[in-house]
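Here's the structure we're looking at; comments come further down.
Atoms within a ligand are numbered from 1 in the order they appear, just like the ligands themselves. What you see below is based on every heavy atom in this structure, not just the backbone, and it leaves out hydrogens, waters and symmetry mates.
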Amino acid sequence: MSVRVRFAPSPTGALHIGGVRTALYNYLFARKHQGTFILRIEDTDQTRFVPGAEAYIEESLKWAGITPDEGVNYGGDFGPYRQSERKETYQKYAQQLVDEGKAYYAFDTPEELDAMRERLKEARVANPQYNAVTRMQMSNSLTLSAEETQAKMDAGEPYVIRIKLPRNEDVRFKDIVRGWVVVNTATLDDKILMKSDGMPTYHMANIVDDHQMEITHVIRGEEWLPSAPLHMKLYEYLGWDAPEFAHLPLLLKPDGNGKLSKRAADQLGFPIFPLNWNDPETGELSVGFKETGYLPDAFINFLALLGWNPGGEKELFTMDDLIEAFSLEKINKAGAKFDIEKAKWFNQQYLKFMSDDELTDQFLSLIDVDIDRERAKAIALSLKERVTFIQEMPEAGRFYFERPTEYDEKVVRKKWNEEAANKLVEFSEELKKADAYDKDSAKALLIEVLERDGMPLGKVMPALRLALTGQAGGPDLMEIVEILGADEVAARIGKAAEELN
Ligand code: GLU
């Protein structure tokens, strides 16, 4: 049987980075097994619907390079892929469960449900549930006669359909990540399958769709593990084979203390969403990984290793490498600590891998200076190992376009002196006389000029950098000399000598 997996987000807001990881693992698993990766939109909870969220999810996956084979806007033979368009299907199966005595109608009002919970609390029941015991005191088709039930329905009273779970039965299944999971139905709730608005709940829709879409493996976040026993009962009640399950470990805050929430990320100053998200309710803008400057490949590499490790020392994986190496068995049980410094490190690595052409294009798009491509390329190359994000390049390379107006005071105090300044002037004059030079010949020339007075390179290098950039550190100094050109080098040395001597 060929592998079919799905990513099934609810369009209730921006896609959290944990959701992107779920999508990624599904995608890698599908690719690894020449299977199919499906994007299904679980939008049955109309109260939580957020406009723009679905498009955001799609854009995010696109940016990250996680491409669905089937799904909303991708087509496929198992559609529609938006649950709100599959309503009738769920109703049919819910009805079947009621008819077979595996589910029942319940008419309880919110007040009656609250009163039931209060009663149970007073009786010191730790975990008040609508279950095999309590359901017999409630208003439902198990306690009412068939006529009473029908009368209520005819009168238009709102009702839900609940699953009828056995009182005391162990439900067991083997999770690929967590191993055997055993839960007794005494701890479970007779969950609602169909709401009073005629829409299915997540549980009902999820099971029907996974079955109809022939999903072979359900790979999803650990927060859904508590729902899995209920899902197993639903498969059993409907007479369907359950898919395999793999519940992914939580993403934890950097200190390992608790779940990585948006609030925690905000406080620590790093993104939690792949792309910028404008919250339509609050108007708040959250800056995404993309807009912060993360390259999609770096983002994916970082994300893949949050909770999965193929073993060994290798850390840099392209998408193809990930597909090759991926296996569900190598997913960790323990939560994964989120380390933004590691994400930055990955970004720097991928910046180094970027082709010169691509780098030049991106750099040119960030600066509004009219400069020729070769020069832009040289500048970008000189800067690329000195920044974490491409966006930092214009600022890091500002000195290429503007003569320094200020000079690092510490360097002035410690390294600038007339002797060095004179030598630099001498060097710049000789440089102007040279027909053409590059960083190596410029360096040779500087050494030659210094040797006349037996001066070591170290004596003038900081002063030269200061004169050219105003700063204490930066790209390779002789590269700067090469890029600026002899006239500009001479002008800057002259300016510094005038201002600092
Ligand atoms: N709609 C659920 C979510 O928002 C899907 C959970 C699942 O994959 O079963 O995460």
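Here the rule is salt bridge (Lys or Arg N to Asp or Glu O under 4.0 Å) with Asp210, and of Arg4, Arg40, Arg220 only Arg40 fits it.
Seen from the ring of Phe326, Lys32 does not count as a face-on cation partner, given the 6.0 Å and 45° thresholds.
Arg119 and Gln137 form no side-chain donor-acceptor contact under 3.5 Å, judged by distance and modelled atom types alone. Residues Tyr90 and Thr44 have side chains that never bring a donor and an acceptor to within less than 3.5 angstrom of each other. A donor-acceptor contact closer than 3.5 angstrom links the side chains of Asn184 and Asp170.
Between Phe299 and Trp63, the ring planes lie tilted relative to each other; the angle falls in the 30° to 60° range.
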Identify the protein atoms, limited to N or O, that lie within less than 3.5 Å of an N or O atom of ligand 1, and list each pair with its distance to 0.1 Å.
from: ligand 1; atom 1: 1 (N); to: Ala8; atom 2: O; distance (Å): 2.8
from: ligand 1; atom 1: 1 (N); to: Ser10; atom 2: OG; distance (Å): 3.0
from: ligand 1; atom 1: 1 (N); to: Glu42; atom 2: OE1; distance (Å): 2.6
from: ligand 1; atom 1: 4 (O); to: Ser10; atom 2: N; distance (Å): 3.4
from: ligand 1; atom 1: 4 (O); to: Ser10; atom 2: OG; distance (Å): 3.2
from: ligand 1; atom 1: 8 (O); to: Arg6; atom 2: NH1; distance (Å): 2.7
from: ligand 1; atom 1: 8 (O); to: Arg6; atom 2: NH2; distance (Å): 3.4
from: ligand 1; atom 1: 9 (O); to: Arg6; atom 2: NH2; distance (Å): 3.0
from: ligand 1; atom 1: 9 (O); to: Tyr202; atom 2: OH; distance (Å): 2.8
from: ligand 1; atom 1: 9 (O); to: Asn206; atom 2: ND2; distance (Å): 3.1
from: ligand 1; atom 1: 9 (O); to: Arg220; atom 2: NH1; distance (Å): 2.9
from: ligand 1; atom 1: 10 (O); to: Trp224; atom 2: NE1; distance (Å): 3.3

